[in-house]
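Computed from heavy atoms alone, side chains included, the values below leave out hydrogens, waters and symmetry copies. Not measured: the values here are computed from a predicted model. Counting convention: from 1, in listed order, for ligands and their atoms alike.
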Amino acid sequence: MDPQGMRVVVVGVGRFGALHARVWAEAGARVVGLCDVDETRLREAAEQFSVESVGTELSPLLDRLRPDAVLVVSDEDSHAEICVVALEAGCHVFVEKPLALSSADAWRVHTEAANAGRHVVAGQISRFAAPYARMQNSLRSGRIGQLCALRLRRDFSREWFLSFGDRVHPVWESCIHDIDLAVSFVQRPVVRVFAMQSEAALEAAPSVVTALLEFDNGVTATVESAWLVPGSAPQTLAGALELSGAIVGEAEVLGLEGMLRQRLVSDGLVEWTNSGTFVPDLSLWPEEDTSIGGALRREVDYAIAVFAGRRQPDRVPLKEVCWGVEAAEAVVTSLRRRAPVELSSGGGVDEIRS
Ligand SMILES: NC(=O)c1ccc[n+]([C@@H]2O[C@H](COP(=O)([O-])OP(=O)(O)OC[C@H]3O[C@@H](n4cnc5c(N)ncnc54)[C@H](O)[C@@H]3O)[C@@H](O)[C@H]2O)c1
């Protein structure tokens, strides 16, 4: 398949869907159709991207257009179902995080993809961010010896929680990034999880979470997230996706012979302006000259190459993404039960034992 001629349909044209439509077009794909349940957004996006074929129902659009791939950038609770519809229509699928909101749905997508002989690339963007990619390379090359433990932390603005953080359990919005990163470093499934949330913060912000994960090879990971960054923090998302607020994250990889440590958003560039202080993130989706670069563009280039059969789907193996969904589901279950949760190991088995 010629990547220049790859025809894609975008499902969900909100904030991130619009960004994807732009980046896929910049990467050489043709956005031939748009689908959204919100007719106003659909009309606005159709005009913005000069796309004629639009619809609020996906199946008729796919029957009519027969695209090569479907990009799922809709609300989190719709992802798995839309993936299945797209696979049944013979399309490759790019699906934003989270792949699904349950391990059963995640493995269902895995099975459907295998049956259809199509690829599903999940938008675990952190895997494509240069600092994490470098950490992965350092680990694989043996620079820090055998992997022992991981510490991952990601805090978001309090106002984001109020605007979109609780449309699903916040674990699926924030922790899922770090759980997937942990799986990508260990490349094994999680077998035990114990998660707690701050009772002190619960009333105002039920989103201060600390989770301890144990993998089946004995590696441990802490994943922490708090949507409590105050409004006085410098804005980190500026440019292609303006969002007043901040992401503050750190990651540590501990090996027997060394350790790796990084901050998600570097303060290498600081802008002091009359409208506030900006520390723009330059790794996720920076505007470079006239197009968007960074992790998002690398992720899209990767998906196009996988769909076109030009490379192996080895940077975001679907099996690992399913392991991540299993672990996130266990975190949510552990929070609810206030108890440790054991998962059956081995991938493909989605039963959670208490
Ligand atoms: N990787 C990242 O860093 C990152 C960043 C932002 C958002 N996201 C993900 O992108 C997805 C979209 O987030 P957003 O911020 O753009 O949300 P949004 O609310 O701005 O847009 C979602 C759009 O999907 C539409 N939609 C909902 N259900 C639908 C359905 N069944 N069929 C068709 N359209 C439907 C809504 O009407 C809306 O227009 C989410 O999964 C989110 O987690 C990922």
Next item on the list: Carefully, step by step, assess R22 and E287 under the rule salt bridge (Lys or Arg N to Asp or Glu O under 4.0 Å).
Entry: CA-CA 12 Å; R22 175 177 166 189; E287 283 193 298; 3.1 Å; yes
Next item on the list: Give the residue, atom name and distance (to 0.1 Å) of the protein heavy atom nearest atom 22 (C) of ligand 1.
Entry: D75 OD1, 3.3 Å
Next item on the list: Start with the C-alpha gap between D178 and R153, add the side-chain angles, then the distance that decides, and say whether salt bridge (Lys or Arg N to Asp or Glu O under 4.0 Å) holds.
Entry: CA-CA 7 Å; D178 290 316; R153 181 161 67 74; over 6 Å; no
Item checked: Protein heavy atom at shortest distance from atom 36 (C) of ligand 1 -> D36 OD1, 3.4 Å
Checklist line | Which residue and heavy atom of the protein sit nearest atom 4 (C) of ligand 1, plus the separation | finding: F16 CE2, 3.3 Å
Notebook entry, point to check: Sub-3.5 Å donor-acceptor pair from the side chain of D155 to the main-chain atoms of A226, do we have one?
Noted result: yes
Margin query: Show the atoms of ligand 1 that are less than 4.0 angstrom away from any heavy atom in R41.
Written below: 18 (P), 19 (O), 20 (O), 21 (O), 23 (C), 38 (C), 39 (O)
Check: S184 side chain to L181 main-chain N or O, any donor-acceptor pair under 3.5 Å?
Finding: yes
Notebook entry, point to check: Do W285 and F278 belong to the same hydrophobic cluster, where Ile, Leu, Val, Met, Phe, Trp and Tyr are linked whenever their side-chain heavy atoms lie under 4.5 Å apart, directly or via other members?
Noted result: no
Check: In the protein, which heavy atom is nearest to atom 31 (N) of ligand 1, and how far is it?
Finding: S78 CB, 3.6 Å
Notebook entry, point to check: If you count the atoms of ligand 1 from 1 in the order shown, which ones are under 4.0 Å from a heavy atom of W285?
Noted result: 3 (O)
Item checked: Closest approach of any protein heavy atom to atom 10 (O) of ligand 1, naming residue and atom -> E96 CG, 3.5 Å
Next item on the list: Quick one: look at V37 and ligand 1, take heavy-atom pairs under 4.0 Å, and tell me if it's side chain, backbone, both or neither.
Entry: both
Next item on the list: Go through ligand 1 atom by atom and flag the ones less than 4.0 Å from a non-hydrogen atom of E173.
Entry: 43 (O)
Next item on the list: Before giving the answer on side chain to side chain donor-acceptor pair (under 3.5 Å), spell out for S174 and W227 the whole-Å C-alpha distance, their side-chain angles and the decisive distance to 0.1 Å.
Entry: CA-CA 9 Å; S174 54; W227 297 58; 3.1 Å; yes
Next item on the list: Pull out every atom of ligand 1 sitting under 4.0 Å from any heavy atom of H79, numbered as shown with elements.
Entry: 41 (O)
Item checked: Per atom 29 (C) of ligand 1, closest listed option by heavy atom (G14, A18, S74) -> S74
Check: Are the side chain of D36 and the backbone of L42 linked by a donor-acceptor contact shorter than 3.5 Å?
Finding: no
Check: Of Q124, E76, E299, which has the heavy atom at the shortest distance from atom 43 (O) of ligand 1?
Finding: E76
Margin query: Please identify which of these residues, R188, R127, R315, meets the salt bridge (Lys or Arg N to Asp or Glu O under 4.0 Å) condition with E320.
Written below: R127
Margin query: Using a 3.5 Å distance criterion without hydrogens, assess whether the side chain of R64 forms a donor-acceptor pair with backbone atoms of S59.
Written below: no
Check: Is R108 paired with E81 through a side-chain N to carboxylate O contact shorter than 4.0 Å?
Finding: yes
Next item on the list: May I ask you to identify the nearest protein heavy atom to atom 12 (C) of ligand 1, giving residue, atom name and distance to one decimal place in Å?
Entry: V73 O, 3.2 Å
Notebook entry, point to check: Any idea which protein heavy atom is nearest atom 19 (O) of ligand 1, and the distance to it?
Noted result: R167 NH1, 2.8 Å
Notebook entry, point to check: Near I125, which atoms of ligand 1 are under 4.0 Å from a heavy atom of that residue?
Noted result: 1 (N), 3 (O)
Next item on the list: Kindly say whether R154 contributes a backbone atom to a donor-acceptor pair with the side chain of S225 at under 3.5 angstrom?
Entry: yes
Next item on the list: Check whether any N or O atom of I82, backbone or side chain, sits under 3.5 Å from an N or O atom of ligand 1, and answer yes or no.
Entry: no
Check: What residue and atom, counting heavy atoms only, is the protein's closest point to atom 20 (O) of ligand 1, and at what distance?
Finding: R15 N, 3.0 Å
